[in-house]
Amino acid sequence: MSEHPNPSPDPGLPPSAIQASRDVRTVISRLRRRILKASEVDDLTLGQASVLARLSDKGGVTASELAADEGVRHQSMTATVAALAAMGLLERHPDPDDGRRLLIVLTDEGRRRVEEGRQARTEWLAERLLERCTEDERQTVITAMAVLERLTRD
């Protein structure tokens, strides 16, 4: 009895759907790693950078909410939050609705770091698209992104 490391896809799926699925997953994974590397900051881990980015998109949140969003244990998030607070990138404030809870918010320096990272990633990708793609290919990418965006909607 042997197991196949890569089970066969549903035979009812057309080959084009299977190939597109594999290609999109492979390219997005590789592109994500390259984009993140473009804004790598020596003093932040990937997990810390991810927490800062989440905080920039939300108002004050608890460590438990951040842990759930990031898919990590509460204890791990508490350590990440403590490290970022020590760097002056976030602060904890009492929740005005429930004084027992602490809400985590970015400091001005934290917001600046997030924005710098986003700018670096945008510039890196824009430069690659300009250097390695024709105008027609960039328009194709824009069209393809609209199609992929549609897949993300429920």
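Nothing fancy with the numbering, it's 1 onward along the sequence. Predicted model only: the values in this text are computed from it and were never measured.
In this structure, Glu91 CD and Asp108 CG are separated by 8.5 Å, a value rounded to the nearest 0.5 Å. Atom CG of Leu36 and atom OG of Ser50 lie 8.5 Å apart (nearest 0.5 Å).
Listed by chain and residue number, Cys133, Thr134 satisfy the side-chain contact (heavy atoms from CB on, under 4.5 Å) test with Glu137 (two or more places apart in sequence, or in another chain). With sequence neighbours left out, the side-chain contact (heavy atoms from CB on, under 4.5 Å) criterion links Arg33 to Ser29, Arg30. Residues passing the side-chain contact (heavy atoms from CB on, under 4.5 Å) test with Glu109, sequence neighbours excluded: Leu89, Thr107, Arg112, Arg113. Scanning for side-chain hydrogen bond (donor to acceptor under 3.5 Å, both in side chains) contacts around Lys58 gives Asp69, with sequence neighbours left out. Residues that satisfy the side-chain hydrogen bond (donor to acceptor under 3.5 Å, both in side chains) test with Glu115, not counting sequence neighbours, are absent from this structure. For Arg92, there are no side-chain hydrogen bond (donor to acceptor under 3.5 Å, both in side chains) partners, not counting sequence neighbours. Evaluation of the salt bridge (Lys or Arg N to Asp or Glu O under 4.0 Å) rule for Arg118 yields Asp57 as partners, not counting sequence neighbours. A search for salt bridge (Lys or Arg N to Asp or Glu O under 4.0 Å) contacts involving Arg100 returns Asp98, not counting sequence neighbours. Take Asp23 and apply the salt bridge (Lys or Arg N to Asp or Glu O under 4.0 Å) test, not counting sequence neighbours, and it matches no residue. By the side-chain contact (heavy atoms from CB on, under 4.5 Å) test, Ser64 pairs with Thr62, His74, sequence neighbours left out.
Side-chain contact between Leu55 and Val114: absent, with no pair of heavy atoms (C-beta onward) separated by less than 4.5 Å. Counting heavy atoms from C-beta outward, Arg101 and Leu103 have side chains that approach closer than 4.5 Å. Side chains of Leu106 and Ser56 form a contact here, defined as non-hydrogen atoms less than 4.5 Å apart. You'll find the side chain of Ile104 stays beyond 4.5 Å of the side chain of Leu84, heavy atoms only. Within the 4.5 Å cutoff, the side chain of Leu13 has no heavy atoms near those of the Ser21 side chain. Counting only heavy atoms from C-beta outward, the side chains of Leu102 and His93 never approach each other to under 4.5 Å. Residues Met77 and Thr80 have side chains in contact (heavy-atom distance under 4.5 Å, counting atoms from C-beta outward).
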Pair up each side-chain donor or acceptor in residues 140-150 with any protein partner under 3.5 Å, not counting sequence neighbours, and list the distances.
from   : atom 1 : to     : atom 2 : distance (Å)
Thr140 : OG1    : Asp136 : O      : 3.0
Thr143 : OG1    : Gln139 : O      : 3.1

Name the atoms and distances for all side-chain donor-acceptor pairs under 3.5 Å in residues 124-132, with sequence neighbours left out.
from   : atom 1 : to     : atom 2 : distance (Å)
Arg128 : NH1    : Trp124 : O      : 3.2

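In terms of modelled atom types and a separation under 3.5 Å, the side chain of Glu70 and the main chain of Ala67 share no donor-acceptor contact.
Under the 4.5 Å side-chain heavy-atom criterion for ILVMFWY residues, no single connected hydrophobic cluster contains both Val105 and Val61. In terms of hydrophobic clustering, with Ile, Leu, Val, Met, Phe, Trp and Tyr side chains grouped at heavy-atom distances under 4.5 Å, Leu151 and Val24 are assigned to a common cluster.
Closest non-hydrogen pair, Ala38 versus Ala120, comes out as O-CB, 4.1 Å.
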